[in-house]
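Written out below as structure tokens is the structure these notes cover.
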Amino acid sequence: MYRPSPSRTSRAQLSLSSLLWAVSLVAAFIAVFVVAVHTEVGQGADQRAFLSLRGTGATADLPHVVGLGSVTDLRLWLVSVVAIIGLGLMARRRLSILVLLALPVVGIVLTQFLRDELLTRPDFDGLGWVTNTFPSGHAVAAAGCVAAIVRAAPRSVAPVAAVAGVGWLTLVSQDLMVWGWHRPSDLIGSVLLAAALMHLVPPSRGRGSVENYSRFLVGVVTAVVAAVGPLVWAVTTGHLAVAPVGLAAAVAIASLVADRGPADGRGVARGAVGADHQRIERPYRSGGQQNHYGRATGVVD
């Protein structure tokens, strides 16, 4: 009797996962903007967190190579390009590598449009002038590089890349606040936006149906582990304003690991012989021969 392979899950069903992640991250982006920018209470809390770091000596905590200076360094972009291409090829990607290379740039352009042309900041303090800083171009550039690398990587490498990337994003975010360029909400929104864009690219291929159903658990563990670094850093340095940014980054970047969307690349058809091998015995005819018919149960993704 024919039994369908467990991996024969409809593509429409699986692609819904990526869509839901993208929509959820965009919804979180909108929520952060509404609460932290368009409510008086949210603006006040955001501003107080920002002022706790602005102009302090916290820049001394970080080597210039891993702080704000790294975002504008050409070497970062070269390393990111090499990492995306190399890890993408390891994951047997093809044309999606080009999309992953382009999306960080798309994120920067989209951020500039949203911040400078579309979104506004109410003047609750009555200063007579306000400048909207939500979201951050520098933060979305850094988060875009991290998210693209995580999305491009093979599934065995992606969690490690996510944890390391979240740690770096936390340090960059601290520098952006210390130099007075962005508030915590700007940085959180930027990370959410960058991760949402990367869900438009199919995840890397796994190793079978069992692995497909364990992705969410791996993503949860990745988020928890990635959150440890920012929390420890915030507590030990006393820079508590970076903690929510690090936590948001941990969840957003780990969502790329948890995504169960349809994998990129071509699968390999597998012929199954054994339990699904159907043996049909026919009555003995001239010569009394038996015919055996095998049935392939593999699928091509």
Side-chain angles (χ1 to χ4, degrees), residues 3-25 27-28 83-84 86-94 96-97 99-100 143 146-167 169 191-192 194-231 246-272 274-276 296-301:
R3 295 180 298 177
S5 172
S7 62
R8 192 185 291 273
T9 307
S10 70
R11 285 188 173 275
Q13 211 173 15
L14 287 176
S15 63
L16 184 61
S17 172
S18 298
L19 178 61
L20 287 176
W21 276 116
V23 171
S24 298
L25 291 168
I84 292 169
L87 292 173
L89 292 175
M90 286 176 58
R92 297 161 66 181
R93 289 183 176 273
R94 292 171 178 80
S96 63
I97 293 177
V99 182
L100 289 168
V146 171
I149 291 172
V150 172
R151 196 59 158 177
R155 289 205 174 275
S156 59
V157 179
V160 178
V163 171
V166 168
L169 289 176
V191 175
L192 294 172
L197 287 173
M198 292 303 156
H199 278 285
L200 300 177
V201 181
S204 298
R205 181 166 299 281
R207 293 186 177 180
S209 59
V210 175
E211 190 273 351
N212 290 343
Y213 291 99
S214 68
R215 295 180 196 172
F216 184 77
L217 178 60
V218 174
V220 170
V221 173
T222 300
V224 172
V225 174
V228 171
L231 288 176
L247 292 176
V251 174
I253 300 300
S255 73
L256 297 167
V257 177
D259 186 6
R260 290 178 53 206
D264 181 54
R266 286 183 291 179
V268 179
R270 298 186 302 269
D276 291 325
T297 60
V299 296
V300 178
D301 295 329

Discussion item. Any non-hydrogen side-chain atom of P159 less than 4.5 Å from a side-chain atom of V221?
Written reply: no
Minimum heavy-atom separation for [X] to [Y], with atom names?
{"X": "R93", "Y": "P203", "value": "NH2-C, 3.2 Å"}
{"X": "A226", "Y": "V166", "value": "O-CG1, 3.7 Å"}
{"X": "A249", "Y": "L169", "value": "CB-CD1, 4.3 Å"}
{"X": "R151", "Y": "D259", "value": "NH2-OD2, 2.6 Å"}
{"X": "A147", "Y": "A195", "value": "CB-CA, 4.5 Å"}
{"X": "S204", "Y": "A153", "value": "OG-O, 2.7 Å"}

Item to complete: Just jot down the side chain to side chain contact (heavy atoms under 4.5 Å, CB included) partners of L20, sequence neighbours excluded, or say none.
Response: L16
Worksheet entry | Sequence-distant partners of S255, side-chain hydrogen bond (donor to acceptor under 3.5 Å, both in side chains), two or more places apart | H199
Worksheet entry | Spacing of I253 atom CD1 and M198 atom CE [to the nearest 0.5 Å] | 8.5 Å
Worksheet item: What is the distance from atom CG of L19 to atom CG of L200, rounded to the nearest 0.5 Å?
Response: 9.0 Å
Fill in: Step-by-step side chain to side chain contact (heavy atoms under 4.5 Å, CB included) determination, M90 to L87
CA-CA 5 Å; M90 286 176 58; L87 292 173; 4.0 Å; yes
Discussion item. Show, in sequence, the C-alpha distance, side-chain angles and deciding distance for V150 and V257, and conclude whether the side chain to side chain contact (heavy atoms under 4.5 Å, CB included) test is met.
Written reply: CA-CA 8 Å; V150 172; V257 177; 4.0 Å; yes
